[in-house]
Amino acid sequence: METKNWKWFRYDEIFEIKKGKRLTKADMIDGDIPYIGATDSNNGITARIANNEHLHSANTITVSYNGSIAEAYYQTKVFWATDDVNVFYPNFKMNVYSALFITTMINKEKYRFNYGRKWDKELMKVSTIKLPVDQNDNPDWQWIENYVQNTLIPKLPQKTKNVWEKHLDKKPLSPNKLQLNTKEWKWFKVGDYFERPYKATAYNAIDLISCEKENDNAIAYVTRSDVNNGCKCYVINEKYEDIEDGNAITVGDTTATIYYQENEFICGDHMVVLRSEHLNKYVGLFITSLLNKERFRYNYGRAFNKDIIANTRLKLPATQNAQGEYEPDWQWMEDYIKGLPYSSCL
């Protein structure tokens, strides 16, 4: 993509920016309206509510300026945004293609901000974004739409394309939908049921040859990234000495980014690997969901290192063995995941 002839535009030239409004959990009424928070997942949705006093329009973009800063999401339904989120109302005819282009560009700005330098509303207004332009030096929205629709989307992996085209099968793998009842669960230490977590061999990205995922010789390069299951890119498998087998959980120790890896992979720096005889794809997804609940405790100043991981306690469904001792109920975890909607797409 050649950007040399693109132009810089202030955000307030192409959007009207409105601030969200806080709604405490105590005041939330259960419902179907998305509540958008300053989070880095689930399109920003942290709850679903029935409160309707301060709703924002669909076909807008939400951008967090506190918490997980510069997380941008396209909203297709009416929603409530918390006060840590600003809402971008377009001054042009936006659609899903131009919105996805803009949100991708905004997400590239994350590195500029942190808890000490927030991207508040006034700063957002005067911040700039570089865009392709038409013959009148206005943003070329038609070019952007065509690029996303005809160049980017056809290159998506098939599973991602199925999400985009809404071809996912909602049916669960199992007709038995299990109910969560954590009151009966027990606490277990990770290190008692997983092999001792270890640091993976680190490969430097500049020493690798990137390739398309579809390449017959491709292998995932897993880093501390918080997107794409930790996979920074796919690289040519040159028979590296320390290829990690699949069926493992990876943890970026300085970022607490946690993912289940189904297939073979190699790692970047600061990656910890967890393995267990009890692990499979479904158990792995269950455990990573719980480990991700621990992320708030860790950051660059306090790494989620291998020793801390081993001593982390998780509350899990339990069953009693022949000696009357409690053990994690691995089968229940697997059955729970299989009973979820869309589990047939995993």
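Atoms considered below: every heavy atom in the structure, side chains included; atoms not considered: hydrogens, waters and symmetry mates.
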Query raised in the report: Distance only, no hydrogens: is a donor on one side chain within 3.5 Å (strictly under) of an acceptor on the other, for N321 and Y326?
Result: no

Report task. Quick one: which residue pairs count as a side-chain hydrogen bond (donor to acceptor under 3.5 Å, both in side chains) with a foot in residues 130-141, not counting sequence neighbours? Result -> none

Counterpart residues, side-chain hydrogen bond (donor to acceptor under 3.5 Å, both in side chains), relative to [X] (two or more places apart):
{"X": "Y147", "result": "none"}
{"X": "T257", "result": "T255"}
{"X": "E16", "result": "none"}
{"X": "K338", "result": "E334"}

Report task. Name the orientation class of the two ring planes belonging to Y193 and F188 (parallel below 30°, tilted from 30 to 60°, perpendicular beyond 60°). Result -> perpendicular

Query raised in the report: According to the interplanar angle, ranging from 0 to 90°, do the rings of H56 and Y89 count as parallel (below 30°), tilted (30 to 60°) or perpendicular (above 60°)?
Result: tilted

Query raised in the report: Is any side-chain heavy atom of V235 closer than 4.5 Å to a side-chain heavy atom of I219?
Result: yes

[X] side chain vs [Y] backbone, donor-acceptor pair below 3.5 Å:
{"X": "T223", "Y": "G268", "result": "no"}
{"X": "N228", "Y": "G230", "result": "no"}
{"X": "S225", "Y": "K232", "result": "no"}

**Report entry** Straight-line distance of I243 CD1 to E264 CD, nearest 0.5 Å
**Finding:** 5.5 Å

**Report entry** Remaining members of hydrophobic cluster (4.5 Å side-chain criterion), Y35
**Finding:** L23, M28, I33, I49, L55, V78, W80

**Report entry** Neighbour count >12 (heavy atoms, 6.0 Å) for atom CD, E241
**Finding:** no

